[in-house]
Amino acid sequence: MSGENKRKVGSSYEKQAAEYLKERGYQILAQNYRCRIGEIDLIARDGRYLVFIEVKYRQDAKTGIPQEAVDYRKQVVISKVAAYYCMVHHYREDTPCRFDVVAICGDEVTLIRNAFAYAGD
């Protein structure tokens, strides 16, 4: 699959995840937020929390469950992008933040709230 096709497929699952989160009360603030450090799939508000969300899809579990792909290296990048987002958008340092993962395996969607802690420096 080409890079462009992967992006298109990824984008469709990110839209599915955004709809899933909206149904659960999340307010989506940004999709595919990019900066020179990296990218975050979705940024949302959930109550008082500013939430940074990674979306992972697998056709099936043969190659592992989707959330396993959010390894420590990925967590570090997401954390740094989240810190940059907060700085650029003037969020206070005491803004409660959380890192969630939406794992889509086939037709099953799983939301993992507070999937990992901040892993920046």
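Quick caveat, the model's predicted, so the values are computed rather than measured. Here, residue 1 is the first one in the sequence, and each next residue gets the next number.
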Quick one: pull up CD in Gln27 and CG in Leu50 and give me the separation to the nearest 0.5 Å.
-> 10.5 Å

Can you see which heavy atom on Val77 is nearest to which on Gly38, and at what distance?
-> CG1-CA, 4.1 Å

Using the side chain to side chain donor-acceptor pair (under 3.5 Å) rule, take Tyr33 and Asp41 through it: C-alpha gap first, then chi angles, then the decisive distance, then the call.
-> CA-CA 6 Å; Tyr33 178 78; Asp41 295 329; over 6 Å; no

Picking from Ile112, Val51, Val55, what satisfies side chain to side chain contact (heavy atoms under 4.5 Å, CB included) with Asp100?
-> Val51

Would you say the side chain of Cys105 lies within less than 4.5 Å of the side chain of Tyr57, judging by non-hydrogen atoms?
-> no

Decide yes or no for Val81 and Ile78: does some side-chain heavy atom of the first lie under 4.5 Å from some side-chain heavy atom of the second?
-> no

NZ on Lys15 to CD on Gln31, rounded to 0.5 Å = 7.5 Å

Looking at CE of Met87 and CD of Glu93, how far apart are the two atoms once the value is rounded to the nearest 0.5 Å?
-> 11.5 Å

Arg45 (side chain) donor-acceptor with Arg48 (main chain) under 3.5 angstrom | yes

Transitively linked via ILVMFWY side-chain contacts under 4.5 Å: Tyr84 with Val76?
-> no

Is there a path from Tyr26 to Phe52 through hydrophobic residues (I, L, V, M, F, W, Y) whose side chains come within less than 4.5 Å of each other?
-> no

Going from CZ on Arg113 to CD1 on Ile53, what distance comes out if it is rounded to the nearest 0.5 angstrom?
-> 10.0 Å

Indicate yes or no: at least one non-hydrogen side-chain atom of Tyr13 is less than 4.5 angstrom from one of Pro66.
-> no

Mind checking whether Tyr118 and Phe99 have parallel, tilted or perpendicular rings, split at 30° and 60°?
-> tilted

Are any non-hydrogen side-chain atoms of Leu111 and Val101 less than 4.5 angstrom apart?
-> no

So CG of Leu42 and NZ of Lys22: to nearest 0.5 Å the spacing works out to 9.5 Å

Hey, does Val102 have a side-chain heavy atom less than 4.5 Å from the side chain of Ile104?
-> yes

Please report the C-alpha distance between Arg24 and Asp46 in whole Å, then the side-chain angles of each, then the deciding distance to 0.1 Å, and finally whether the salt bridge (Lys or Arg N to Asp or Glu O under 4.0 Å) criterion is met.
-> CA-CA 9 Å; Arg24 280 147 186 80; Asp46 180 31; over 6 Å; no

Does Thr95 use its side chain to pair, donor to acceptor, with the backbone of Tyr91 at less than 3.5 Å?
-> no

Between OH of Tyr85 and CD1 of Ile37, what distance do you get to the nearest 0.5 Å?
-> 14.0 Å

Grab the two heavy atoms, one from Glu54 and one from Lys56, that are nearest each other, plus how far apart they are.
-> OE2-CE, 3.2 Å

